Amino acid sequence: MDETGIKKAVATNSHYEDAMFYMSKAGVANRFDEIVTGDMITRGKPNPDIF
């Protein structure tokens, strides 16, 4: 949560390790309250399970 009190999340079809690698490299991984990746859900695209 940031100073505005608004929570932020990332939903990506990428695997957790890949998503964390790129978000860490970009310096933004710690800005999100929740991160949900494709390997955390049962049904991927085109199903809306990740959201």
Side-chain angles (χ1 to χ4, degrees):
M1 192 176 318
D2 64 12
E3 62 276 353
T4 64
I6 299 171
K7 290 187 175 188
K8 295 172 291 306
V10 169
T12 177
N13 201 47
S14 298
H15 286 212
Y16 181 80
E17 292 82 15
D18 294 335
M20 291 306 297
F21 173 78
Y22 288 110
M23 288 192 301
S24 295
K25 190 169 178 116
V28 298
N30 63 339
R31 295 185 185 180
F32 298 97
D33 300 291
E34 296 290 334
I35 298 171
V36 181
T37 59
D39 52 345
M40 295 177 171
I41 58 170
T42 304
R43 299 183 313 160
K45 289 180 179 178
N47 296 301
D49 294 1
I50 199 164
F51 301 106

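No experiment lies behind these values; they were computed from the predicted model shown. For the single chain, residues carry numbers from 1 onward in sequence order.
By the criterion of side-chain heavy atoms lying less than 4.5 angstrom apart, applied directly or through intervening Ile, Leu, Val, Met, Phe, Trp or Tyr residues, Met20 is grouped together with Phe32 in one hydrophobic cluster. Linking ILVMFWY side-chain heavy atoms closer than 4.5 Å, directly or via other members, places Val28 and Val10 in a single hydrophobic cluster.
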Anything under 3.5 Å between a donor and an acceptor, one on a side chain of residues 35-42, the other on a protein residue two or more places apart or in another chain? List them.
{"from": "Thr37", "atom 1": "OG1", "to": "Asp39", "atom 2": "OD1", "distance (Å)": "2.5"}
{"from": "Asp39", "atom 1": "OD1", "to": "Tyr16", "atom 2": "N", "distance (Å)": "3.2"}
{"from": "Asp39", "atom 1": "OD2", "to": "Tyr16", "atom 2": "N", "distance (Å)": "3.4"}

For residues 43-51, which side-chain N or O atoms pair as donor and acceptor with protein atoms under 3.5 Å away, sequence neighbours left out?
{"from": "Arg43", "atom 1": "NE", "to": "Asp49", "atom 2": "OD2", "distance (Å)": "2.9"}
{"from": "Arg43", "atom 1": "NH2", "to": "Asp49", "atom 2": "OD1", "distance (Å)": "2.9"}

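Nearest approach of Arg31 to Lys8, heavy atoms of both residues: O-CE, 3.1 Å.
Judged as a side chain to side chain donor-acceptor pair (under 3.5 Å), and not counting sequence neighbours, the contacts of Ser14 are Thr12.
Applying the salt bridge (Lys or Arg N to Asp or Glu O under 4.0 Å) rule to pairs touching residues 13-28 yields nothing, sequence neighbours excluded.
The closest donor-acceptor contact from the side chain of Asp33 to the backbone of Ala9 lies at 3.5 Å or more, if one exists at all.
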